[in-house]
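What follows is one structure encoded as structure tokens, with my remarks underneath.
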There are 2 protein chains.
Amino acid sequence: MTIHTEPYSKTLKQGYSIRTGLAARMRAGNLILRRHEHLIHAGDTVRSPYLVVSGVFKSTINYENGDSQVLGFHVPGDVLGHEILLDALSGRDVVALDTSSVRRLDHLDSDTRCLLIESMCNESRRLTRQLHLERKYSTDARLAAFLIDYSDSQARRGYSRYEFILPMGRRDLSGYLGLAPETLSRGLSRLRDHDILMVSTNHLKILDPERLRNVSGMVTDEARLTC
Amino acid sequence: MTIHTEPYSKTLKQGYSIRTGLAARMRAGNLILRRHEHLIHAGDTVRSPYLVVSGVFKSTINYENGDSQVLGFHVPGDVLGHEILLDALSGRDVVALDTSSVRRLDHLDSDTRCLLIESMCNESRRLTRQLHLERKYSTDARLAAFLIDYSDSQARRGYSRYEFILPMGRRDLSGYLGLAPETLSRGLSRLRDHDILMVSTNHLKILDPERLRNVSGMVTDEARLTC
DNA sequence: CGCCCCCTTGAGCCGTGTCAACTAATGTGG
DNA sequence: CCACATTAGTTGACACGGCTCAAGGGGGCG
């Protein structure tokens, strides 16, 4: 089952100003959201699933005490809104990190249901993996693993595997990886100092994929970055 | 939708020695498994979902490097085998921690499917919560949270809320909570020293539910156990 | 141009993992 | 049923990774 998604495009900025229930615009049947706009609010009843067509979203869960955690980033091809399989009640915010568009999946046919189940299963797998990473692997390993994942995802969507923009801020990324922002920053600096990456705020270039992979996989070996 | 499950019973020890594909016995249409017997092996193709009728199971995922993590404990009423919703391929072991029985759910009717989706969703929620707990809360808080959960689960099934047997060993529990066995042991000792628990290997008694709840929820408050 | 926020870097502390020794429990074979 | 062997749990000492607090750049947006 393949799904067509447009490549990332900055030309979607202007859209009709038809307001749906959300603060969103439409174009070519897709919902357009700008940076920081919510696709879903925690507590919302999800009315239908969405297919991410372009851009990036993050989903977060918020706790009473004020702290929130980043559960995932969603890129074109991802399906959102599996809450509809059960009570349709979303416990999380889904926010655009940049100008992004989604396609509403109106008909909850069996293919769509299957996609939703699959996406839920993937999320479960991701959480399991994340738990494992956070329990057993260092900051650098987790960071490297994330960069490799993201790199792969870029490649799969037809972009450069070794040079790309990180669409999320440090705070979001550190939250996703289960780190303090300072720790993430230090990790990036370490990888930079070892000539594995070039990094400036958003722009990222992988200089030494080989060693990056080593860092991601090994905890006890020489792969650990001394200092 | 309610499902009838028998209370935990030690009278199921002897069963017919009819061997199914697994090393298991049958009684009254239920599969009986003894301590350490696998209901599902990692890599197995799950043939049908199971409803836990009595006893306890743990499910674990195993990694190449030899380390494994405990993903969950399953008590009567829980449904296993949601893998069947997708590729039916299990990535985990499901093992009986004690003499236990399950009912095979042959007909994958819509009710069963719904149960499976629900169970998957619950697992996802649990993982999210666990991630949050491990990121933000101390050993004692996590341990207290677990004990409260387990206590509630006991109460829901008609047993004492304040005195029960922990069916899993320290190693399994520490794995589940994301702790080293030694750290778990220290946590238990601390709760014991503060007269919140009585604990001897398996047997556990909650002496001060009030303070236990405090420990579970607060990190920065006086609830933290000094020493 | 200047404010603000994000990111980076430094210093110090604390919790938890690790290693090691000891004790308690469990199981096994005679 | 006992003696022994093996595993599980507890406790202590110690090291170190990552969080916190604090201060110093840098870039974007009004």
Side-chain angles (χ1 to χ4, degrees), chain A residues 34-36 58 67 69-70 97-98 131-144 165-193 197-204 215 218-220 223-227, chain B residues 34-36 58 66-67 69-70 97-99 131-144 165-193 197-204 215 218-220 223-227:
Chain A
R34 289 206 295 240
R35 210 161 126 85
H36 297 153
K58 72 167 174 183
D67 55 29
Q69 66 181 319
V70 181
L97 288 177
D98 201 341
L131 213 48
H132 179 231
L133 284 171
E134 296 195 15
R135 285 171 174 181
K136 302 283 177 190
Y137 292 89
S138 70
T139 293
D140 295 321
R142 277 186 263 168
L143 177 50
I165 300 291
L166 286 176
M168 70 295 282
R170 294 286 191 275
R171 176 167 299 279
D172 283 338
L173 184 51
S174 66
Y176 178 76
L177 295 175
L179 299 169
E182 297 94 329
T183 309
L184 169 61
S185 185
R186 280 183 240 274
L188 282 170
S189 300
R190 243 179 333 256
L191 291 173
R192 168 169 50 64
D193 294 347
L197 302 179
M198 268 186 50
V199 52
S200 75
T201 327
N202 292 343
H203 193 119
L204 198 140
V215 172
M218 336 260 182
V219 217
T220 51
R224 162 178 276 141
L225 300 177
T226 51
C227 164
Chain B
R34 288 205 296 238
R35 209 161 129 85
H36 296 154
K58 72 167 173 183
D67 56 30
Q69 66 180 317
V70 181
L97 289 175
D98 201 341
T99 303
L131 213 48
H132 179 232
L133 284 171
E134 296 194 15
R135 285 171 175 182
K136 302 284 177 190
Y137 293 88
S138 70
T139 293
D140 295 321
R142 276 184 263 168
L143 177 50
I165 300 290
L166 286 176
M168 71 293 283
R170 294 286 191 274
R171 176 167 298 279
D172 284 338
L173 184 50
S174 66
Y176 178 76
L177 295 174
L179 299 169
E182 295 95 327
T183 308
L184 169 62
S185 185
R186 281 183 240 276
L188 283 169
S189 299
R190 243 179 333 257
L191 292 172
R192 168 170 50 64
D193 293 347
L197 303 178
M198 268 186 52
V199 51
S200 75
T201 329
N202 292 342
H203 192 120
L204 197 140
V215 173
M218 337 261 182
V219 217
T220 52
R224 163 177 276 145
L225 299 177
T226 52
C227 165

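We name chains A, B, ... by the order of the sequence lines, and we start the count at 1 in each one. Note that the structure is a prediction, hence the values are computed from the model and not measured. The basis for the numbers below is simple: all heavy atoms, side chains too, and nothing from hydrogens, waters or symmetry mates.
- Counting heavy atoms from C-beta outward, A:K136 and B:D67 have side chains that approach closer than 4.5 Å.
- Each of A:R186 and A:N202 was matched to the nucleotide of DNA chain C holding its nearest heavy atom; the match closer to the 5' end belongs to A:N202.
- To the nearest angstrom, C1' of C:dT9 lies 12 Å from CZ of A:R190.
- For the pair B:D67 CG and C:dG17 C1', the computed distance is 14 Å after rounding to whole Å.
- Counting all heavy atoms, side chain and backbone alike, B:V70 lies closest to A:R135 at O-NH1, 4.4 Å.
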Please output the side-chain donor-acceptor pairs of residues 168-179 of chain B that fall under 3.5 Å, not counting sequence neighbours, one pair per line with the distance.
residue, atom, partner, partner atom, Å
B:R170, NH1, B:T201, O, 2.7
B:R170, NH2, B:T201, O, 3.1
B:D172, OD1, B:K58, NZ, 2.9
B:D172, OD2, B:K58, NZ, 3.3
B:S174, OG, B:R170, O, 3.1
B:S174, OG, B:R171, O, 2.8
B:Y176, OH, B:R126, NE, 2.9

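- Using a 4.0 Å heavy-atom cutoff across all strands shown, A:R135 reaches no nucleic acid atom at all.
- Look at NZ on B:K136: it is 13 Å from C1' on D:dG18, rounded to the nearest Å.
- The distance from atom CG of A:L173 to atom C1' of C:dC6 is 14 Å, rounded to the nearest whole Å.
- For B:R142, the side-chain atoms get nearest to C:dT16 when compared with the rest of D:dG18, C:dT8, C:dT16.
- We find that CZ of B:R170 is positioned 15 Å from C1' of C:dT26, with the value rounded to whole Å.
- Atom CG of A:D193 is separated from atom C1' of C:dG10 by 14 Å (rounded to the nearest Å).
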Between B:L184 and B:L143, is a side-chain contact (heavy atoms from CB on, under 4.5 Å) present by the stated rule, with each step listed?
-> CA-CA 8 Å; B:L184 169 62; B:L143 177 50; 3.7 Å; yes

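- At the phosphate of C:dT9, OP1 or OP2 sits under 4.0 Å from a side-chain N or O atom of A:R192.
- Phosphate contact (OP1/OP2 of C:dG17, side-chain N/O of B:T183, threshold under 4.0 Å): present.
- Heavy atoms of B:L179 sit under 4.0 angstrom from primed sugar atoms or phosphate atoms, though from no base atom.
- Using a 3.5 Å distance cut-off with no hydrogens or angles, the side chains of B:S189 and B:R192 do pair a donor with an acceptor.
- When the nearest nucleotides of DNA chain D are assigned to A:T201 and A:G178 by heavy-atom distance, the more 5′-ward of the two goes with A:G178.
- Contact between the side-chain N/O atoms of B:S189 and the OP1/OP2 oxygens of D:dT11 is found at a separation under 4.0 Å.
- Using a 4.5 Å heavy-atom threshold, the side chains of B:L204 and B:M198 count as separate.
- Phosphate contact (OP1/OP2 of D:dG17, side-chain N/O of A:S138, threshold under 4.0 Å): absent.
- For the helix from C:dC7-D:dG24 to C:dG30-D:dC1, the axis fitted to the five pairs at one end and the axis fitted to the five pairs at the other end meet at an angle of 40° (nearest 10 degrees).
- Computed from coordinates, the B:E182 CD to C:dC19 P distance equals 10 Å when rounded to whole Å.
- The CG atom of A:N202 sits 7.0 Å away from atom CG of A:L166, with the distance rounded to the nearest 0.5 Å.
- One can place CG of B:L188 at 10 Å from P of D:dG9, the figure rounded to the nearest angstrom.
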